[in-house]
Amino acid sequence: MMRKLILALPIVAAPLAAQAGEVVIAALGDSLTAGYGLPQGEGLVPQLQAWLDEAGAEVRLINAGVSGDTSAGGLARADWTLTPEVDAMILALGGNDYLRGLDPEEMARNLDGILGKAEAVGVETLLVGIKAGSNYGPDYAAAFDAAYADLAETHDVPLYPDFFAPLQADGEGVEAARRAYLQADGLHPNADGVARIVEEIGPLVRDLAESARAE
C-alpha cells in the first residue's frame, strides 16, 4: 500500500508544474479579479485565459483575486503570490481603497511596495488602474488617478489606466453602459462586461508574457 502511494505522488504533483515554454502570470487583485458574482468560467481570469489560449499564447493564469481586498491587503499577501513559479503579474488593486475613501498616497505606497517586491524577484508586471469618480472631490480624484501613472513611470511598467473604460468604448452613456455591462450592484461587470474588458486588456497581457519569456 505504501509503495502504491509513493508511486502515485508524482502523478498528483505533475499538473502543478509549469510546462516547458509556459509563462505563469499571477493576477493580484480584488473582487474584479476574483470574478465576484459570476458563474465559474465567466470571471476575468477564466475569460482572459480563454482569450490567451485562442491567441496561441503559452500562458497559465493564477487567480490571486480576493474580494474586498485593498492595496494594503495586496501588499500583505504579495510574498505569497510571488512564488518561484510566477514569471509575471497583473496588479489590479485600488478599487476598494477608492470605495472606502482611503488616502491615495497610502494606496500609492502600498502599490509601490508590491511593485518593488516584484522587481526584487524579477517578475514583470502590468499595472491596472481605475478612474476615481467625484465622490470625494476633485483633489482626491486627481491624486488617485495620478498615482497609477506615477507608479508606472517610476517602476517602468506598462499601465492599463482604467479597468472600466471598455464598457463605454462604443460611446454609450454611463447609464446605458451600466445597464448593459454591470451586475445589479452597479459595481462589478457582468459576463458581457468582462468580455469587453478582456478584449482590450488581452493584448497587453500577451505582451507581458512575451516580455517575461524574453528575460
Side-chain angles (χ1 to χ4, degrees), residues 23-71 74 88-99 111 124-135 141 144-149 151-152 157-212:
V23 174
V24 177
I25 301 179
L28 179 60
D30 48 34
S31 57
L32 298 175
T33 302
Y36 175 86
L38 294 171
Q40 186 175 5
E42 294 188 0
L44 177 70
V45 172
Q47 287 207 47
L48 182 55
Q49 181 72 68
W51 188 96
L52 291 164
D53 291 345
E54 187 174 346
E58 294 183 88
V59 174
R60 174 162 60 89
L61 296 177
I62 296 174
N63 192 340
V66 173
S67 294
D69 220 1
T70 62
S71 60
M89 177 174 64
I90 301 167
L91 177 55
L93 285 165
N96 288 307
D97 295 68
Y98 166 63
L99 290 175
L111 295 180
E124 301 278 327
T125 302
L126 169 65
L127 181 61
V128 178
I130 66 168
K131 292 292 185 182
S134 58
N135 308 48
F144 188 94
D145 294 347
Y148 292 103
L151 287 165
V157 298
L159 172 65
Y160 184 76
D162 184 7
F163 183 88
F164 291 102
L167 304 190
Q168 295 186 63
D170 294 335
E172 296 110 330
V174 173
E175 289 306 315
R178 187 187 303 274
R179 289 192 299 271
Y181 301 117
L182 293 183
Q183 297 178 42
D185 62 10
L187 296 173
H188 298 90
N190 59 27
D192 290 338
V194 170
R196 290 175 72 96
I197 292 165
V198 165
E199 285 297 320
E200 293 296 321
I201 202 172
L204 292 178
V205 177
R206 182 177 54 194
D207 290 346
L208 176 69
E210 289 306 313
S211 179

What's the shortest heavy-atom distance between [X] and [Y], and which atoms?
X      : Y      : answer
Pro189 : Gln183 : O-NE2, 3.0 Å
Ser67  : Ala34  : OG-CB, 4.1 Å
Leu111 : Ser71  : CD2-CB, 4.1 Å
Leu167 : Ala177 : O-CB, 3.3 Å
Gly95  : Ile130 : CA-CD1, 3.4 Å

Could you tell me the separation between the [atom1] atom of [X] and the [atom2] atom of [Y], rounded to the nearest 0.5 Å?
X      : Y      : atom1 : atom2 : result
Lys131 : Phe163 : NZ    : CZ    : 15.0 Å
Leu151 : Leu159 : CG    : CG    : 9.0 Å
Phe164 : Leu182 : CZ    : CG    : 6.5 Å
Arg196 : Asn190 : CZ    : CG    : 10.5 Å
Ile62  : Thr33  : CD1   : OG1   : 13.5 Å
Glu58  : Glu210 : CD    : CD    : 9.0 Å

Do [X] and [Y] have side chains that approach each other closer than 4.5 Å (heavy atoms only, starting at C-beta)?
X      : Y      : answer
Tyr160 : Leu127 : no
Leu126 : Val205 : yes
Tyr98  : Asn135 : yes
Ile90  : Leu204 : no
Pro166 : Tyr181 : no

Criterion side-chain contact (heavy atoms from CB on, under 4.5 Å) against [X], the qualifying member of [options]:
X      : options                : value
Leu44  : Val198, Val128, Leu32  : Val198
Ile25  : Leu52, Val45, Leu61    : Leu61
Pro203 : Glu199, Glu200, Arg206 : Arg206

Donor-acceptor check, side chain of [X] to backbone of [Y], threshold 3.5 angstrom: yes or no?
X      : Y      : result
Asp145 : Ala132 : yes
Asp69  : Ser31  : no
Gln47  : Val194 : no
Arg60  : Val24  : no
Glu124 : Ser211 : no

Open item on the list: Ile201 vs Trp51, test: side-chain contact (heavy atoms from CB on, under 4.5 Å). Steps then yes/no.
Closed with: CA-CA 10 Å; Ile201 202 172; Trp51 188 96; over 6 Å; no
Open item on the list: Just by distance, no angles: are the side chains of Tyr36 and Asp185 close enough, under 3.5 Å, to form a donor-acceptor pair?
Closed with: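 No - no donor-acceptor pair under 3.5 Å links their side chains.
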Open item on the list: Distance alone, cut at 3.5 Å: any donor-acceptor contact between the side chains of Asp97 and Thr70?
Closed with: no
